[in-house]
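Only one structure is covered here, and it is reproduced in the block below.
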There are 2 protein chains.
Amino acid sequence: LEAEDQSAILSIAGAMHYADLSQVYQELESERHEVFLKSIGPEIAADMIVQLPDSMIEEALDHFGPGQLKILFRELSDDDRVDILQAVGDEPRLRFLGLLGPEDEELTRSLLRYEHDTAGGRMTTRFGRIFASMTVKQAIDHLRRDQENTETLARLFVVDARGHLIGRVRLRDLAFNTWDTPIRDIMAEVGPEQRVLATADQEEAANLLLRYDLIVLPVVDEFDHLLGMITHDDAMEILQEESTEDIEKQAGIVGEQAEESYLQSTVLTHFKRRFVWLFGLALLAIASGYVMMRFEDTLMQVFLLSLYLPMVVASGGNTGGQASTMVIRAMSLGELGPGSASRVLWKELRLGAMLGLLLGLTIATITVLILPAFRPQLPEGVSYLLFGATVAAALSAQVVTSTCIGALLPIGARAIRLDPAAVAAPAITTLVDVSGMVIYFTVAQALLGL
Amino acid sequence: LEAEDQSAILSIAGAMHYADLSQVYQELESERHEVFLKSIGPEIAADMIVQLPDSMIEEALDHFGPGQLKILFRELSDDDRVDILQAVGDEPRLRFLGLLGPEDEELTRSLLRYEHDTAGGRMTTRFGRIFASMTVKQAIDHLRRDQENTETLARLFVVDARGHLIGRVRLRDLAFNTWDTPIRDIMAEVGPEQRVLATADQEEAANLLLRYDLIVLPVVDEFDHLLGMITHDDAMEILQEESTEDIEKQAGIVGEQAEESYLQSTVLTHFKRRFVWLFGLALLAIASGYVMMRFEDTLMQVFLLSLYLPMVVASGGNTGGQASTMVIRAMSLGELGPGSASRVLWKELRLGAMLGLLLGLTIATITVLILPAFRPQLPEGVSYLLFGATVAAALSAQVVTSTCIGALLPIGARAIRLDPAAVAAPAITTLVDVSGMVIYFTVAQALLGL
């Protein structure tokens with residue numbers, strides 16, 4: 001990037017989509033950021049900076065002087081401006097707020113009151129709002145004046161004189177009706193379920209958009225005043241973020257999803273997100289070892305038991321992980337109401353019994369057929385058949401209990417208001433490792449008469 | 001649901017959104033389906049049936065006679081009609097195709113050629129298409145005639161005389177320009193990356209919509225003829241489906257995501273999706289048991305080793321699962337190109353070393369401090385310090401190898417054209433269980449001089 005290439009950069013950047021531009025920027029070495037930003041100028045940089053990971057935003061803005069920042073902030077839609085201000089430190093936030101015009105500043109401050117992950121924190125206030133008392137012509141004139149400040153005109157919301165949301169019209173309804181038609185006559189109702197409170201979780205808003213196939217979802221306060229709207233592209237981003245978060249939580253990775261991509265996050269960032277669970281689970285796993293030590297005598301008498309020990313224990317972890325995954329996903333898709341614990345338990349109990357029995361029978365059959373060829377040592381009075389039956393019984397018991405534990409833990413977590421997805425699959429695996437050890441050795445003691 | 005309540009059902013159903021209606025229908029006992037469907041009639045039933053799980057669609061359609069089915073199919077948009085026909089058996093599909101008008105039948109047959117999970121299989125052909133040679137007035141007249149057949153007018157695509165995609169306009173551009181303005185003058189370009197081939201995977205289409213914040217994405221053939229469009233609500237559904245699929249695969253659950261909700265799927269359906277991995281992993285876990293048997297002597301000499309055995313082994317599974325989850329998610333978000341294997345390995349190697357060393361040091365410290373209080377038996381010449389160091393060394397080695405295995409397996413899977421997400425976390429856990437056993441006992445033999 002030579003200085004003389006600045007105009008070349010500008011002409012290429014002007015033709016690129018801001019999503020692509022932001023990727024190019026992230027792949028540049030940081031010494032080149034300044035030249036790059038100065039080449040494209042604040043107008044183009046504005047939309048690009050919104051797409052950057054939070055951690056890169058402040059540095060990017062610092063390359064511009066106050067005059068250029070004014071232009072940059074004016075280019076941004078209000079929700080993007082709020083996102084950017086939420087990503088920077090307290091000191092620059094105040095400094096940047098001072099650069100906004102008085103109207104923008106007031107609006108931005110009022111939006112900053114909502115948490116980043118609520119409907120209010122995500123909404124835009126640049127939307128087509130018309131009054132029920134207007135005619136089609138008045139509405140079109142009103143929208144035309146305002147069109148540069150409007151993010152989408154695909155859906156227009158109708159309010160009464162006091163700002164309550166009372167209906168919606170499509171732009172086509174305006175385009176295809178005569179100019180003197182009153183808006184009140186052509187507006188459609190907005191069902192009470194097709195709006196969201198500004199304080200509601202962003203995931204709730206995204207799920208409403210998905211459920212009702214909406215392009216935009218109106219955001220209201222508790223008195224039903226129309227405050228803003230969530231657009232379909234926000235909803236898609238929210239759903240992706242939440243899915244990633246669920247996936248990561250279930251693998252025992254803590255903390256906010258990194259805004260940076262996997263390769264761009266530092267090793268230390270990854271380390272912090274992974275170590276907590278790893279350490280906690282290691283401590284928990286010592287309980288398994290403790291159980292094993294307590295059953296030293298049993299293991300010494302029939303050391304052949306160790307051949308099947310990892311299998312019995314691990315099968316519990318696997319089936320428990322499957323059960324918890326299905327239940328957690330069903331919850332986050334809103335399929336399981338609060339009262340469904342008993343139905344889930346009944347389903348997983350039957351499922352666990354089927355899985356455990358078939359698994360036990362198969363493994364027992366293989367054992368009885370193949371094991372004699374290796375002539376292992378078995379104590380007096382223990383036949384291959386009895387040994388196989390012991391393994392099968394322990395395996396079935398372990399699979400049934402683990403399936404139920406895996407299904408119930410996320411439900412229990414939600415009952416005490418924890419995030420179900422935080423019951424990570426590795427936690428379930430480690431937990432049922434302990435119960436598996438106990439089950440295996442207890443069953444062996446009982447059936448083999450040790 | 002008494003027969004006399006039919007009109008009550010109809011009036012309630014008419015006021016409900018089809019997404020809610022479909023949920024009510026799914027919660028009804030099946031004997032009541034017929035009364036319910038006949039009460040609401042084919043017009044309302046059409047949109048509701050689209051929302052049903054595939055397995056319930058054929059049964060629902062069978063409650064209507066040919067005349068009503070004709071009405072029902074006429075109500076549907078072409079992509080919904082195709083979805084429904086793809087959900088039913090071959091025989092009813094032919095029968096239903098015969099009920100369509102000749103134009104609809106030809107269109108539906110041509111759409112049925114695309115696989116369900118491609119852009120072509122998902123697209124609608126009911127979109128606003130105008131010609132570059134039109135004026136604003138001609139375009140508005142053209143769209144008004146066609147408006148009932150159009151799914152969204154939020155974005156309109158401009159084609160040349162031979163049907164090539166050459167631009168787009170927004171409805172507001174028509175509404176706010178003078179009537180004699182030529183479309184060619186106000187249309188915007190559609191970048192080559194902002195369109196998708198009909199044969200492309202649906203996930204690719206959804207990711208483009210997400211990346212470029214689009215409401216609709218044009219679908220073209222290889223000659224750039226405009227065939228249809230994917231709308232934002234399709235994209236949101238696709239992304240949710242794909243996330244669920246990834247989550248389920250990583251827990252070792254096979255097969256297509258059930259269209260039914262968790263509670264509505266039969267126990268047998270769940271059973272089939274879970275048993276395969278459970279059985280395969282159980283067999284693999286016997287390898288761990290085999291390793292343990294081979295090291296009988298080592299374990300007998302220092303049975304205290306069993307206290308830490310599950311911890312060392314499980315830590316590998318946990319860190320391997322974390323690494324694979326992060327890599328798989330990064331891949332499905334498109335963050336990792338094909339050449340990034342070495343960068344991923346380098347990152348995970350450093351990360352594994354940090355995690356392993358800190359974990360090993362902490363556990364060793366705890367061991368050396370606490371263990372003496374329990375006065376366990378250690379062989380001649382083995383101090384608590386040496387024993388702690390042995391556990392730490394084995395733990396570190398296990399964490400480093402498992403982290404690398406977890407990161408590399410999904411990359412390897414993709415290299416041989418398998419789905420990375422199919423390398424389930426439990427598979428990695430079970431695999432590194434085996435390596436963990438070997439590492440633990442080998443390190444113990446070497447350091448403790450057994």
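Below, chains carry the letters A, B, ... as their sequence lines are ordered, and counting in each starts from 1.
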Inter-residue atom distance [X].[atom1] - [Y].[atom2], 0.5 Å rounding:
X	Y	atom1	atom2	value
A/Arg350	B/Thr266	CZ	OG1	9.0 Å
A/Asp141	B/Phe176	CG	CZ	9.0 Å
B/Arg144	A/Asn177	CZ	CG	8.5 Å
A/Gln250	B/Ile247	CD	CD1	6.0 Å

Over all heavy atoms of both residues, which pair between [X] and [Y] is shortest? Give the atoms and the distance, please.
X	Y	value
B/Gln322	A/Gly252	NE2-O, 2.6 Å
A/Tyr18	B/Asp213	OH-OD2, 3.3 Å
B/Val267	A/Met354	CG1-SD, 3.6 Å
A/Leu351	B/Phe271	CD1-N, 3.5 Å
A/Tyr262	B/Val344	OH-CG1, 3.6 Å
A/Glu237	B/Leu210	N-CD1, 3.8 Å

Against chain B, label [X] side chain, backbone, both or neither, depending on which of its atoms sit under 4.5 Å from a heavy atom there.
X	value
A/Ser324	neither
A/Ala425	neither
A/Leu305	neither
A/Glu189	neither
A/Ser340	side chain
A/Asp20	both
A/Leu395	neither
A/Met437	side chain
A/Leu304	both

Within the structure provided, determine whether [X] and [Y] are in side-chain contact (heavy-atom separation under 4.5 Å).
X	Y	result
A/Ser243	B/Arg329	yes
A/Asp233	B/His232	no
A/Leu278	B/Leu359	yes
B/Ile366	A/Leu283	yes

Practice task
Check ring pair (Phe, Tyr, Trp, His ring centres under 6.0 Å) between A/Tyr212 and all other residues, then give those that pass, not counting sequence neighbours.
Solution key: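 Checked A/Tyr212 against ring pair (Phe, Tyr, Trp, His ring centres under 6.0 Å); matches are B/His17.
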So which of [options] has the biggest tally of heavy-atom pairs under 4.5 Å with chain B?
options	result
A/Met292, A/Glu296, A/Arg343	A/Glu296
A/Thr325, A/Ile253, A/Thr430	A/Ile253
A/Trp277, A/Phe279, A/Tyr290	A/Phe279
A/Leu268, A/Leu355, A/Leu284	A/Leu355
A/Val291, A/Val434, A/Ile328, A/Leu214	A/Leu214

May I have the list of side-chain donor-acceptor pairs in residues 306-321 of chain B shorter than 3.5 Å, sequence neighbours left out?
from	atom 1	to	atom 2	distance (Å)
B/Ser306	OG	B/Phe303	O	2.8
B/Tyr308	OH	B/Thr367	OG1	2.9
B/Ser315	OG	B/Met311	O	2.9
B/Asn318	ND2	B/Ala314	O	3.4
B/Thr319	OG1	B/Thr403	OG1	3.0

Handout entry: Options B/Ala282, B/Ala287, B/Pro426, ranked by heavy-atom pairs under 4.5 Å with chain A, top entry
Key = B/Ala282
Handout entry: Which of B/Leu299, B/Ile215, B/Asp433 touches chain A most, by non-hydrogen pairs under 4.5 Å
Key =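 Of the candidates given, the most pairs with chain A belong to B/Ile215.
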Practice task
Answer with yes or no whether the side chains of B/Gln23 and A/Arg211 bring together a donor and an acceptor at under 3.5 Å.
Solution key: yes
Problem - Sidechain-backbone polar pair: B/Lys347 side chain, A/His270 backbone, donor-acceptor under 3.5 Å - result: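 Answer holds: no.
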Handout entry: Carboxylate-amine/guanidinium proximity below 4.0 Å for A/Glu348 and B/Arg274
Key = yes
Problem - Which atoms of B/Thr362 approach chain A - backbone, side chain, both or neither, heavy atom under 4.5 Å - result: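 Interface part for B/Thr362: side chain.
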